Amino acid sequence: MHQPPDNGTFRRVLGHLPTGVVVVTASSAGVPHGLAIGSFTSVSLDPPLIGFFPAKTSRSWPAIEAAGRFCVNVLDEDQQDLSARFAARDGDRFAGVTWRRSPSGSPILAGVHAWIDCVLDEVTGYGDHWFVSARVTALGVERGHGPLVFYQGGYARLVSGDPVSGGPAG
Ligand SMILES: Cc1cc2nc3c(=O)[nH]c(=O)nc-3n(C[C@H](O)[C@H](O)[C@H](O)COP(=O)(O)O)c2cc1C
């Protein structure tokens, strides 16, 4: 019988996998909502689906789910402040933040690396998180800088900002 890992060990070991950082935003009854997410991933090419895992305790997710459409803002390497702001428990996350509306009407934050507009597909519970899948309806790249990277509980950036050569895409 294996003992389940304690929370600290789970976080520390899983923290060795670097992730990008996105802010998932939506407009619900004219009010902007958003939260920082590191568990974002592409899911399917045909149909085009993405997914991420918000905690069941998230205070923002119910409003975003109710909106039924949202925008995934891929943060740029110089946007650590936005990551911290959209993960903070207190404060108006959009105060002083410049943003425009995506085709779906969701906030695209100024200076993001890329954005992905989505319509909600399915929400499934896994442990203490939801898995959210969504269909991509519009998307674009905004900046030529590198993306923000989260690694071992801190922020990192790609050294060159360029993909390493020799990947499957050549
Ligand atoms: C880099 C980074 C990645 C995060 N990834 C996730 C995630 O994948 N899922 C999640 O539920 N929270 C994640 N969080 C934490 C949420 O942003 C944080 O709990 C936030 O306060 C939730 O706000 P809400 O209660 O308004 O939804 C992450 C935070 C940071 C800084």
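Indexing begins at 1, ligand by ligand and atom by atom, following the structure's order. Being a predicted model, the structure only gives us computed values, none of them experimental.
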Ligand 1 versus Y151: contacting region, heavy-atom distance under 4.0 Å = neither

Short side-chain donor-acceptor distance under 3.5 Å, S60 and S58 | no

Decide, yes or no, whether a salt bridge links K56 with E65 under the criterion of side-chain N to carboxylate O below 4.0 Å.
-> no

Just jot down the ligand 1 atoms closer than 4.0 angstrom to any heavy atom of F86, in number order.
-> 17 (O)

Is there any N or O on R93 that sits under 3.5 Å from an N or O of ligand 1?
-> yes

Counting from 1, what ligand 1 atoms have a heavy atom of F150 closer than 4.0 Å?
-> 1 (C)

Taking atom CG of N7 as the centre, does the number of heavy atoms from other residues, nucleotides or ligands within less than 6.0 Å exceed 12?
-> no

Looking only at non-hydrogen atoms, which of A55, A84, A87, S39 approaches atom 20 (C) of ligand 1 most closely?
-> A87

CZ/F40 to CZ/F53 distance, rounded to the nearest 0.5 angstrom?
-> 12.0 Å

Under 4.0 Å between heavy atoms, the region of F52 that gets near ligand 1 turns out to be neither

Would you mind reporting whether H113 and E142 have side-chain heavy atoms less than 4.5 Å apart?
-> no

Please name the pair of heavy atoms, one in V112 and one in Q79, separated by the smallest distance, quoted to 0.1 Å.
-> CA-OE1, 3.4 Å

Shortest reach to atom 25 (O) of ligand 1 by a heavy atom, considering only H33, R85, Q80, R59 | R59

If you measure from each non-hydrogen atom of L35 to ligand 1, which part falls under 4.0 Å: side chain, backbone, both or neither?
-> side chain

What part of F40 sits under 4.0 Å from ligand 1 if we count only heavy atoms: the side chain, the backbone, both or neither?
-> neither

Please identify which atoms of ligand 1 are closer than 4.0 Å to at least one heavy atom of P54.
-> 11 (O)

Give the residue, atom name and distance (to 0.1 Å) of the protein heavy atom nearest atom 5 (N) of ligand 1.
-> G38 N, 2.7 Å

Shortest non-hydrogen separation from C71 to W115 and the atoms involved = SG-CB, 3.9 Å

A student checking ligand 1 against S58 at a 4.0 Å heavy-atom cut-off should list atoms 24 (P), 25 (O), 27 (O)

Heavy atoms, side chains only, cut-off 4.5 Å: are P32 and W99 in contact?
-> yes

Looking only at non-hydrogen atoms, find the nearest pair between G51 and F131 and report the distance.
-> CA-CE1, 3.8 Å

For atom 9 (N) of ligand 1, closest protein heavy-atom neighbour | F53 O, 2.8 Å

From atom 2 (C) of ligand 1, is the closest protein heavy-atom distance below 4.0 Å?
-> no

When distances are taken from atom 26 (O) of ligand 1, the protein heavy atom at minimum range is S60 OG, 2.5 Å

Quick one: which ligand 1 atoms are inside 4.0 Å of a heavy atom on Y155?
-> 31 (C)

For atom 16 (C) of ligand 1, the closest protein heavy atom turns out to be A36 O, 3.5 Å

Basic-acidic side-chain contact under 4.0 Å: R143, D78 = yes

Do we see a donor-acceptor contact under 3.5 Å between the side chains of N73 and T25?
-> yes

What atoms of ligand 1 come within less than 4.0 Å of a heavy atom belonging to R89?
-> 25 (O)

